[in-house]
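By convention here, the first residue in the shown sequence is residue 1. As a basis for the values below, the full set of heavy atoms in this structure was taken, side chains included, without hydrogen atoms, waters or symmetry mates.
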Amino acid sequence: MMRLLICDLDGTLVDSSIDLTNALNYAVEPYDIEKMTVQRTKSLVGEGITRLIEKLLGLEMIAIRQAVMDRFMEYYAAHLVDFTRPYAGVPETLASLHRYKKLSFQTREKPSPGECFWNSGCYPYFDWCSAAIVLMRKSLLRNLS
């Protein structure tokens, strides 16, 4: 019997809040929008980058959403893992689970989903990585049945 541990990467195993905040601040720099703090970014994440930017802009500034999104993706692609690191204790915990096969997944929009996985410090502890949980489910279910 195979034992499988499935983990979300961003916000669960790694803290990417500083890189997200920096990208958001770059994206809104040309507009009259208050700079984001890491704390505020953390309060808005969880529904994908598009929704994050929509929450940041609000209805009154939705017309600039695409321009802000383009600036965000441009910056984030170049600075994806400048400060992204595993949370304290994560590498040691993953290492201690050596009897389990481990799969990491990422569901949010990202310029290069694999780059965060490869460069976040978690790569050595996983057997598989998936950039979309939907794709993983289909292949995983086939392999487990």
Side-chain angles (χ1 to χ4, degrees), residues 1-31 33-58 61 64-145:
M1 171 172 63
M2 178 180 14
R3 293 177 178 213
L4 179 63
L5 176 66
I6 302 172
C7 298
D8 180 27
L9 188 65
D10 293 313
T12 303
L13 301 179
V14 299
D15 181 358
S16 54
S17 60
I18 295 173
D19 289 322
L20 283 171
T21 302
N22 290 343
L24 287 169
N25 285 330
Y26 174 84
V28 300
E29 190 174 30
Y31 308 100
I33 298 173
E34 185 179 338
K35 280 199 162 217
M36 295 287 288
T37 63
V38 170
Q39 200 58 32
R40 180 149 185 247
T41 298
K42 286 181 178 182
S43 75
L44 297 176
V45 297
E47 299 176 77
I49 292 171
T50 301
R51 184 70 183 117
L52 172 63
I53 289 173
E54 288 172 352
K55 287 190 230 178
L56 172 63
L57 297 176
M61 298 187 88
I64 64 169
R65 181 185 67 161
Q66 192 56 53
V68 171
M69 177 68 92
D70 291 346
R71 284 182 57 84
F72 176 91
M73 294 303 253
E74 170 195 341
Y75 183 92
Y76 200 38
H79 301 278
L80 189 61
V81 290
D82 288 355
F83 297 97
T84 295
R85 300 291 179 269
Y87 285 111
V90 166
E92 298 81 4
T93 300
L94 291 172
S96 74
L97 297 169
H98 56 86
R99 292 184 177 178
Y100 291 81
K101 294 289 184 185
K102 293 178 263 333
L103 178 127
S104 169
F105 69 88
Q106 298 173 65
T107 56
R108 72 178 178 165
E109 305 141 78
K110 188 175 276 242
S112 174
E115 186 178 344
C116 187
F117 175 74
W118 296 111
N119 296 317
S120 67
C122 289
Y123 162 74
Y125 307 104
F126 283 89
D127 301 287
W128 306 289
C129 171
S130 176
I133 189 65
V134 174
L135 297 175
M136 181 280 306
R137 282 185 183 149
K138 290 179 181 176
S139 63
L140 180 65
L141 292 174
R142 248 184 262 122
N143 292 332
L144 292 179
S145 57

Worksheet item: With under 30° as parallel and over 60° as perpendicular, where do the rings of F72 and Y76 fit, or are they tilted in between?
Response: tilted

Discussion item. Return the OG1 to CG distance between T93 and L5, rounded to the nearest 0.5 Å.
Written reply: 10.5 Å

Worksheet item: If every non-hydrogen atom of M61 is compared with every non-hydrogen atom of L57, which pair is closest and at what distance?
Response: CB-O, 3.5 Å

Discussion item. Within a 6.0 Å radius of atom CD on E92, are there more than 12 heavy atoms belonging to other residues, nucleotides or ligands?
Written reply: yes

Worksheet entry | Closest contact, heavy atoms only, D127 versus K101 | OD2-CA, 3.1 Å

Worksheet item: What do the steps show when you test K42 against D15 for side-chain contact (heavy atoms from CB on, under 4.5 Å), and what is the final call?
Response: CA-CA 10 Å; K42 286 181 178 182; D15 181 358; 4.2 Å; yes

Worksheet item: Are F126 and L13 side-chain neighbours, meaning at least one heavy-atom pair lies under 4.5 Å?
Response: yes

Discussion item. To check you understand the geometry: which heavy-atom pair defines the closest contact between Y87 and T12, and what is its length?
Written reply: CD1-O, 3.5 Å

Worksheet entry | Which residues share a side-chain hydrogen bond (donor to acceptor under 3.5 Å, both in side chains) with K55, sequence neighbours left out | E47

Worksheet entry | Side chain to side chain, L56 and R40, heavy atoms closer than 4.5 Å | yes

Item to complete: Please round to the nearest 0.5 Å and tell me the distance separating atom CD1 of I53 and atom CD of Q66.
Response: 9.0 Å

For residues 18-31, which side-chain N or O atoms pair as donor and acceptor with protein atoms under 3.5 Å away, sequence neighbours left out?
from, atom 1, to, atom 2, distance (Å)
D19, OD1, D82, N, 3.4
D19, OD1, F83, N, 3.1
D19, OD2, D82, N, 3.3
D19, OD2, F83, N, 3.0
D19, OD2, T84, N, 2.9
D19, OD2, T84, OG1, 2.6
T21, OG1, S17, O, 2.7
T21, OG1, T41, OG1, 2.8
N22, ND2, I18, O, 3.4
N25, OD1, M36, N, 2.6
N25, ND2, T21, O, 3.3
N25, ND2, M36, O, 3.1
Y26, OH, E74, OE2, 3.2

Practice prompt. State which residues pass side-chain hydrogen bond (donor to acceptor under 3.5 Å, both in side chains) with R65; sequence neighbours excluded, sorted by chain then number.
Written response: E54

